[in-house]
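All residue numbers in this chain count up from 1 along the given sequence. In this text, all values refer to a predicted model and were calculated from it rather than measured experimentally.
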Amino acid sequence: MDAYDEGSAARHLPDGPDGSLPEDSASAGPTPDSTPSTDQESIGQESTDQESVPQHPASQAPTAQAPDPQAPTADPPVPTPTPTGIASLPLRSQVVAALALAVVAVVACVHLGMVFLHVAPSNTVTKQHGRAIDDWIYPEFEQNWKLFAPNPLQQNIDVQVRAQVRGADGAITETGWYDLSALDGAAIDGNLLPSHTQQNELRRAWDFYIGTHDNENRPVGLRGDLSQRYLRRIVVLRLDREGAGDKGAVVESVQVRSRTTNVPPPKWSEEKVSDTPVLRELPWWTVPEEDVTDARTEASAG
């Protein structure tokens, strides 16, 4: 036996030519001494793999969280406003409405300008275009300062008229005095919605005449003849309504007068005024045929 033999447990392997172990024995696999280390490495690798996989026990399963009240929330959608007024109309109707509003605005501006020039002191514009301004203002939009005078009017003015009529037999007769102001007052009394003509037509016509004539009933300015014709047509229309003369009678001429009485002062006042009526009679006016025809046409239409 050689020096490597150490007891009966020694393994006897053939030596190679150079004294090394044969290749078959080197590649035969791991020896019994190396087997435990290999197993431990595999076990360690499995434990490492198990630790790398997250574990979710049933008691630690993720649950739904309640919303945070302090967390920002999205704004609700803003509803689109529905068009109203002119914007809700079709395009063609919008154009028509816009044009109508523009016309109204222009007329209103022109009217305000005319009224301003009428009440304003005399100036270059009123001197050059006074006729156009008067034609726009009179008689419907006449302006005066009587309400703001230091001593406002404290009189009752009644406008009365009488006529000479030609009957069916050709005879001319004269009627009595018709108190047109009293007739208008009776129509207004108790009427909740009196008409503009009942309240203002006759009064404004008389004021128009007085303002364009002197105390001798002579016209002053260019509007004297216009005011006379305007007052005459009104009284002829009223006479036709009242049936002056017999049926079929024709008004040939008219005479207008005013009856002015002072309003009595209150009992506590020391002011003394006369209670005697003051009469102002105008001359007789011949009534043209067209005035009679127009009066009958307006009376039949009303």
Side-chain angles (χ1 to χ4, degrees), residues 115-116 118-122 134 137-163 174-221 223-244 253-285 295 302:
V115 173
F116 172 78
H118 174 69
V119 301
S122 179
D134 291 341
I137 295 296
Y138 292 104
E140 289 82 3
F141 308 114
E142 180 184 0
Q143 305 291 320
N144 57 64
W145 297 99
K146 293 180 180 179
L147 178 62
F148 305 100
N151 187 19
L153 293 177
Q154 299 177 2
Q155 298 173 331
N156 288 325
I157 301 176
D158 292 336
V159 179
Q160 302 173 349
V161 63
R162 64 180 178 179
E174 185 178 303
T175 67
W177 290 99
Y178 290 87
D179 195 339
L180 303 181
S181 297
L183 294 174
D184 285 347
I188 295 173
D189 189 18
N191 188 352
L192 297 178
L193 299 173
S195 67
H196 173 74
T197 57
Q198 291 173 339
Q199 299 178 82
N200 300 316
E201 183 183 51
L202 181 63
R203 177 181 61 83
R204 298 294 295 274
W206 178 254
D207 289 344
F208 186 23
Y209 179 85
I210 295 300
T212 56
H213 289 75
D214 59 16
N215 293 332
E216 300 298 328
N217 299 318
R218 292 173 299 192
V220 178
R223 295 182 290 121
D225 181 66
L226 174 63
S227 63
Q228 177 179 326
R229 289 187 287 112
Y230 182 62
L231 179 60
R232 185 183 64 213
R233 290 170 68 91
I234 290 177
V235 298
V236 170
L237 176 61
R238 297 294 183 87
L239 289 172
D240 188 79
R241 291 178 182 175
E242 297 299 324
S253 58
V254 295
Q255 185 183 26
V256 182
R257 76 176 184 183
S258 65
R259 185 176 185 271
T260 304
T261 56
N262 294 318
V263 177
K267 296 180 180 180
W268 48 263
S269 176
E270 298 179 356
E271 183 181 2
K272 303 297 181 181
V273 296
S274 174
D275 56 356
T276 303
V278 177
L279 300 178
R280 177 177 178 176
E281 291 187 357
L282 307 185
W284 285 92
W285 295 334

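With respect to Asn200, the side chain to side chain donor-acceptor pair (under 3.5 Å) criterion is satisfied by exactly one of Gln198, Arg204, Arg203: Arg203. Residue Arg280 forms a side chain to side chain donor-acceptor pair (under 3.5 Å) with just one option from Thr260, Asn217, Asn215, and that option is Asn217. In summary, of the residues considered (Leu183, Val159, Val254, Leu180), a side-chain contact (heavy atoms from CB on, under 4.5 Å) with Arg238 occurs for Leu180 alone.
Rounded to the nearest 0.5 Å, atoms CH2 (Trp206) and CG (Leu282) are 4.5 Å apart. Atom-to-atom distance recorded for Leu202:CG and Leu237:CG is 11.0 Å, nearest 0.5 angstrom. Rounding to the nearest 0.5 angstrom, the gap separating the OG1 atom in Thr212 from the CG atom in Leu226 is 8.0 Å. Summarising the geometry, atom CG belonging to Asp134 is positioned 7.0 Å from atom NE2 belonging to His118; distances are rounded to the nearest 0.5 Å. Taking CD from Gln160 and CG from Leu279, the interatomic distance works out to 7.5 Å, rounded to the nearest 0.5 Å.
Ser227 and His213 make their closest contact through OG-CE1, 3.2 Å (heavy atoms, listed as atom of the first residue, atom of the second, distance). What you find for Trp284 and Arg162 is that their closest heavy atoms are CZ2-NE, 3.6 Å. Listed here is the closest heavy atom pair of Ala244 and Tyr178: CA-OH, 3.6 Å. Considering all non-hydrogen atoms of both residues, Leu231 and Trp285 come closest at CD2-CH2, 3.9 Å. Annotation for Gly224 and Pro219: closest pair CA-CB, 3.8 Å, computed over non-hydrogen atoms. Asn191 and Ala187 make their closest contact through CB-O, 3.6 Å (heavy atoms, listed as atom of the first residue, atom of the second, distance).
Scored by the ring pair (Phe, Tyr, Trp, His ring centres under 6.0 Å) test, Phe208 finds Tyr138 as partners (sequence neighbours excluded). A search for side chain to side chain contact (heavy atoms under 4.5 Å, CB included) contacts involving Pro121 returns nothing, not counting sequence neighbours. Not counting sequence neighbours, the partners of Pro277 by the side chain to side chain contact (heavy atoms under 4.5 Å, CB included) test are Arg259, Thr261. Shown here are the ring pair (Phe, Tyr, Trp, His ring centres under 6.0 Å) partners of Phe141, two or more places apart in sequence or in another chain: His111. Every residue meeting the side chain to side chain contact (heavy atoms under 4.5 Å, CB included) condition with Asp214, not counting sequence neighbours, appears here in chain and number order: Glu216, Arg218, Val220. Under the rule for a side chain to side chain contact (heavy atoms under 4.5 Å, CB included), the partners of Asp225 that lie at least two apart in sequence or sit in another chain are Arg229.
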Can you list the steps and then say if Gln255 with Trp177 is a side-chain contact (heavy atoms from CB on, under 4.5 Å)?
-> CA-CA 9 Å; Gln255 185 183 26; Trp177 290 99; 3.9 Å; yes

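In terms of modelled atom types and a separation under 3.5 Å, the side chain of Gln155 and the main chain of Val263 share no donor-acceptor contact.
Between Val273 and Pro265, some side-chain heavy-atom pair lies under the 4.5 Å cut-off.
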